[in-house]
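Chain naming here is simple, since letters A, B, ... match the order of the sequence lines and numbering starts at 1 in each.
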Amino acid sequence: MTLDVDWAVRWVRASAATVTEHREELIELDRQIGDGDHGENLTRGFTAVIAKLDALDAPPEQVGDVLKLVATTLMSTVGGAAGPLYGTAYLRAAKVTASAQLNSAGVVALLEAATEGIVARGKARPGEKTMVDAWTPAVAAAVAAADAGAPPSEVLAAAAAGAAEGAQATIPLLATKGRASYLGERSIGHLDPGARSTELILAAAAGAAVD
Amino acid sequence: MTLDVDWAVRWVRASAATVTEHREELIELDRQIGDGDHGENLTRGFTAVIAKLDALDAPPEQVGDVLKLVATTLMSTVGGAAGPLYGTAYLRAAKVTASAQLNSAGVVALLEAATEGIVARGKARPGEKTMVDAWTPAVAAAVAAADAGAPPSEVLAAAAAGAAEGAQATIPLLATKGRASYLGERSIGHLDPGARSTELILAAAAGAAVD
Amino acid sequence: MKKLINDPQNVVTESVEGFVLAHADIVTKNDDPLFVSRVGGAVQGKVGLVSGGGSGHEPLHAGFIGVGMLDAAVPGAMFTSPTPDQIAPALQAADGGAGVLAIVKNYTGDVLNFETGAELADAEGVEVATVIVNDDVAVENSTWTAGRRGVAGTVLVEKLAGAAAERGDDLATVTAIAQRVIDNVRTMGVALTACTVPHAGKPSFDLPEDEIEIGIGIHGEPGRHRIPLAPADEITATLLDAVADDLALAAGEQVLLLVNGMGGTPASELYIVYRQARALLEARGAQVARSLVGNYTTSLEMQGASVTVLRLDDELTGLWDAPVHTAALRW
Amino acid sequence: MKKLINDPQNVVTESVEGFVLAHADIVTKNDDPLFVSRVGGAVQGKVGLVSGGGSGHEPLHAGFIGVGMLDAAVPGAMFTSPTPDQIAPALQAADGGAGVLAIVKNYTGDVLNFETGAELADAEGVEVATVIVNDDVAVENSTWTAGRRGVAGTVLVEKLAGAAAERGDDLATVTAIAQRVIDNVRTMGVALTACTVPHAGKPSFDLPEDEIEIGIGIHGEPGRHRIPLAPADEITATLLDAVADDLALAAGEQVLLLVNGMGGTPASELYIVYRQARALLEARGAQVARSLVGNYTTSLEMQGASVTVLRLDDELTGLWDAPVHTAALRW
Ligand SMILES: Nc1ncnc2c1ncn2[C@@H]1O[C@H](COP(=O)(O)OP(=O)(O)O)[C@@H](O)[C@H]1O
Ligand SMILES: Nc1ncnc2c1ncn2[C@@H]1O[C@H](COP(=O)(O)OP(=O)(O)O)[C@@H](O)[C@H]1O
Ligand SMILES: [Mg+2]
Ligand SMILES: [Mg+2]
Ligand SMILES: [Mg+2]
Ligand SMILES: [Mg+2]
């Protein structure tokens with residue numbers, strides 16, 4: 001069992017759908033410890049991605065082509081912290097998925113590259129209450145699943161579950177990166193919006209793999 | 001029975017007290033159809049009057065002296081429409097009370113002069129929803145009482161009652177003078193603040209005459 | 001009531017004190033009675049310009065003292081016209097021997113107090129002329145009432161008459177210029193929220209979350225009527241149409257467009273209003289030759305805006321472009 | 001949510017459109033991607049100055065384009081930093097052959113997007129230097145966090161570096177001047193009310209009627225802590241002391257004092273804050289040599305203010321006094 005470019009397209013469409021559906025929730029989370037634009041920014045970005053995808057003359061051939069389109073579109077339409085961070089994530093992921101099919105190791109490589117991209121740009125380590133706290137356990141769970149011989153769809157399901165857990169675990173954290181860090185102690189007790197959107201996007205990836 | 005300079009001083013002190021006591025009410029009335037400063041303006045003005053009165057080297061000798069002090073102080077401390085209008089009222093009243101004692105005719109003359117002063121400055125006729133609508137019936141009631149042989153204290157009581165009635169009667173009026181006129185139809189249904197303060201001041205005059 | 005103030009009674013004196021300290025190169029103040037005037041005193045031989053009125057409309061009027069505009073300003077208590085004993089010495093302080101023009105907004109209180117103030121100054125040998133600004137088209141049937149209010153158009157009167165005085169026009173000419181501006185300027189405003197006068201402690205009117213007041217003045221008075229909240233373009237059309245119709249604006253005319261914030265409106269919103277007002281003027285065939293966008297005649301922290309249109313001619317345009325050096329307007 | 005807007009999605013484009021129409025003598029805009037630059041294009045041989053960031057802080061940054069200040073500004077979505085594809089062409093448009101200084105406020109988003117934007121411009125042959133403004137002393141432990149935010153001090157960086165560029169300094173010198181300003185400027189702010197981002201539709205935080213937020217940023221973020229409403233003099237002391245202490249201000253020093261309104265604060269209140277801040281600086285033996293009071297770095301319609309102190313030296317004072325001709329700052 002492998003994942004192909006159709007999966008990637010389904011993933012992107014599902015990402016756009018879930019981000020748009022949770023727009024208000026993400027805005028509200030960001031309003032509490034940030035500036036209230038995360039849901040708006042991602043919705044704007046993924047809406048633009050879908051528009052670009054729909055406007056393509058020829059369907060994309062490889063997973064990497066899809067991810068690269070996502071990367072450049074998010075970079076030029078999202079802005080804020082999330083734009084460059086997600087943009088770099090997809091760009092790095094695109095680089096390691098230049099093949100037509102992804103097996104479980106390929107899925108792990110994709111997730112690892114994305115996470116490394118985010119860390120390279122944002123310089124956040126785990127525990128600083130950012131999206132890194134969702135990506136890191138997602139990668140760990142994916143690695144464990146792949147090591148246990150799970151097929152790509154299950155690797156993604158594990159990653160999504162890891163991201164969900166990681167997102168929840170940001171609640172008690174004190175933010176030391178991103179806008180929430182300005183709040184000091186007052187950042188404690190809130191779910192990080194970027195961790196939540198990571199959870200949504202990885203759930204979309206897993207969902208797209210079982211469709 | 002006549003009224004002397006002590007009555008005038010009592011009247012002024014009672015005016016200051018009642019205006020201060022009704023400060024919020026006058027502000028609220030003015031807030032509804034004006035700019036919400038009438039109670040503040042009159043309190044500031046009468047507080048200054050009392051300070052001037054207290055600072056006098058020698059007690060004033062005549063009713064007219066007291067009224068002139070009130071006139072100049074209100075003019076220089078109240079501002080707004082009420083400052084010049086009340087200021088002129090007291091100034092004109094002072095001119096016709098240059099004697100030590102006021103009989104009933106003298107009280108009528110005082111009230112008439114005050115009203116004429118307000119009309120001369122503000123150009124409002126009765127029915128335009130201004131303080132003129134309190135002063136005019138006050139004068140009419142005073143004239144009737146004096147004609148019927150009432151003593152000064154009863155002439156003032158009649159004037160106060162006339163002012164109270166006149167003030168109430170401003171409620172259904174459409175304002176065509178003063179700030180309330182800008183509201184057009186929306187000025188209907190509200191008591192005019194200047195008519196209400198006139199009622200308070202004339203009640204103070206009557207009260208000071210029976211003390 | 002949430003305000004960056006100390007004792008509500010001291011708002012005017014403290015804020016004027018701060019203003020004069022911050023702009024000591026342009027203005028100075030007299031304390032008792034309170035008025036603000038140009039540093040260095042009256043300009044000999046120049047017609048003096050004085051305005052004043054209740055406080056709470058900042059930068060009006062003290063913010064417009066300086067070369068090319070006012071010589072003195074008289075701040076009253078919050079939303080309360082100043083008193084004659086303030087006005088008279090301000091008129092005297094502005095007199096450089098060529099007489100003084102008093103620019104008065106049309107409110108009963110302002111008119112009456114300036115009347116007496118002018119009388120007192122006249123008794124001291126100051127020649128005083130007075131113009132009454134009444135640009136607010138929201139006041140209907142104005143012949144049967146206290147008349148139209150003076151609102152944001154006042155700034156334009158002060159600028160243009162100020163430029164005329166600065167170039168050396170005599171009192172009659174400066175007065176005529178001021179009157180020409182008054183005759184050709186109209187304004188209408190909208191409030192999204194009320195404002196709170198410090199001494200009153202509560203909002204000047206209660207406005208539901210989904211309604212706005214059309215035709216407000218600048219003293220937190222309620223407007224002529226209340227309408228449901230609408231898109232900015234619609235609201236702007238209501239204001240602009242009233243103004244342009246009243247002005248009987250014809251195609252081909254040149255105008256100055258002033259979009260004035262009431263104090264609590266973000267600049268971004270004022271420019272959205274400007275964009276539409278300009279488009280509507282151009283659709284009428286008028287040409288927006290000069291523009292001004294910002295907080296110039298405010299009502300404390302009220303959210304809202306007013307749209308002012310002034311019909312220009314070459315002379316007025318030239319006077320507009322003449323240098324001005326005040327705290328709030330400078331070029 | 002009560003705003004003078006049309007579709008919340010169009011607030012930025014419509015308001016920039018209005019801004020450019022109103023100031024067509026100073027600025028022009030590029031539509032896709034959106035940025036604003038000096039009319040007439042880059043000045044040959046002069047170092048270009050570019051800034052940008054989320055919208056909602058007007059007049060920052062486009063209001064500071066013009067002679068003596070910026071060459072281009074890049075407006076992002078509301079409170080959202082712009083994207084590299086906007087930033088890169090703005091940097092190019094500002095390049096007159098002597099390189100470009102990017103003035104970036106210290107927010108993760110702004111820093112990252114400008115980083116990429118500069119890389120893209122560099123690839124097109126534009127020499128780009130970057131300074132990061134981080135004047136907000138409200139952010140404690142800044143070494144362990146995203147660092148201090150860039151707030152109202154940005155205006156001073158833009159003015160002084162702009163004057164240096166205008167007098168012909170090269171890129172290294174202009175950058176050094178900008179950095180010297182950054183090293184010597186500190187700010188702290190207070191909010192009495194939250195603001196409402198159009199797309200969010202509700203206030204950025206909930207604040208009871210008797211509480212205020214100390215140490216807010218300019219994006220409607222809640223502050224470091226919440227205190228009961230207090231007199232202006234007390235609040236001002238809290239802000240000024242934090243700023244002056246952090247700056248290690250010594251007696252005898254000359255400073256520039258900026259009291260900045262957050263957008264919804266009446267001018268009268270800003271001057272009350274100014275009065276007290278100035279008194280406290282003088283009590284410390286500092287001399288307030290230059291002042292600026294008004295809405296320069298706002299958070300939409302937020303009510304509140306920030307106090308900024310810049311340590312001056314003769315060169316910086318001279319650069320401050322140098323002519324500037326922008327929509328929002330002019331002398
Ligand atoms: N340095 C960083 N590293 C990783 N993630 C970060 C960093 N800074 C911020 N983030 C993430 O970005 C999210 C905020 O994104 P968004 O609201 O779109 O941008 P902004 O903060 O510029 O408004 C945060 O919730 C956090 O997860
Ligand atoms: N032209 C006028 N003639 C008589 N009274 C007037 C006139 N205009 C206003 N008033 C009175 O003044 C009152 C308002 O006074 P005040 O609130 O102190 O002044 P302002 O309207 O300037 O704020 C009104 O209620 C009305 O009774
Ligand atoms: Mg955000
Ligand atoms: Mg009143
Ligand atoms: Mg008043
Ligand atoms: Mg943001």
- How long is the gap from OH on D:Tyr271 to CD on C:Glu58, to the nearest 0.5 Å? 9.5 Å

- Query: chain C contacts: which residues in residues 258-266 of chain D have a non-hydrogen atom closer than 4.5 Å to it?
  - Reply: D:Gly263, D:Gly264, D:Thr265, D:Pro266

- Under a 4.5 Å heavy-atom cut-off, does chain D meet the side chain of C:Ala305, its backbone, both or neither? both

- Note on the structure: Pair count under 4.5 Å, heavy atoms only, with chain C: among D:Glu301, D:Glu234, D:Arg290, highest is D:Glu301

- Answer with side chain, backbone, both or neither: which region of C:Asn295 has an atom nearer than 4.5 Å to a non-hydrogen atom of chain D? side chain

- Separation between CD (D:Gln276) and CG (C:Leu4), nearest 0.5 Å, reads 12.0 Å

- Message: Please classify the contact of D:Ile235 with chain C as side chain, backbone, both or neither, using a heavy-atom distance under 4.5 Å.
- Response: side chain

- Message: With a 3.5 Å distance limit and no angle check, can you tell me whether C:Asn6 reaches the backbone of D:Asp233 through a side-chain donor-acceptor pair?
- Response: yes

- Give a yes or no on whether a salt bridge exists between D:Lys3 and C:Glu269, defined as a side-chain N under 4.0 angstrom from a carboxylate O. yes

- Task: Please state whether the side chain, the backbone, both or neither of C:Leu329 comes within less than 4.5 Å of a heavy atom of chain D.
- Result: neither

- Message: So that I know where these two stand, are C:Tyr274 and D:His23 an aromatic pair - ring centroids less than 6.0 Å apart?
- Response: no

- Proximity breakdown for C:Leu21 and chain D, heavy-atom pairs closer than 4.5 Å: both

- Task: Please report the closest heavy-atom contact between D:Ser268 and C:Ser15, naming both atoms and the distance.
- Result: O-CB, 3.1 Å

- Query: With only heavy atoms counted, which part of D:Arg330 is less than 4.5 Å from chain C, the side chain, the backbone, both or neither?
  - Reply: both

- Query: Considering all heavy atoms of both residues, which atom of C:Ala22 and which atom of D:Ser291 are nearest to each other, and what is their separation?
  - Reply: O-CB, 4.1 Å

- Heavy-atom distances under 4.5 Å only: say whether C:Leu229 touches chain D with side chain, backbone, both or neither. side chain

- Cut-off 4.5 Å, heavy atoms of chain D, and the answer for C:His325 is neither

- Message: Quick check on the interface: out of D:Gly294, D:Ser55, D:Ala232, who has the most heavy-atom pairs with chain C under 4.5 Å?
- Response: D:Ala232

- Item | Region of C:Val11 that comes under 4.5 Å of a non-hydrogen atom in chain D | both

- Of all heavy-atom pairs linking D:Glu209 and C:Met1, the shortest is OE2-N, 2.9 Å

- Message: I'd like to check C:Lys2 versus D:Gln303 (side-chain heavy atoms, cut-off strictly below 4.5 Å). Are they in contact?
- Response: no

- Query: With only heavy atoms counted, which part of D:Leu60 is less than 4.5 Å from chain C, the side chain, the backbone, both or neither?
  - Reply: neither

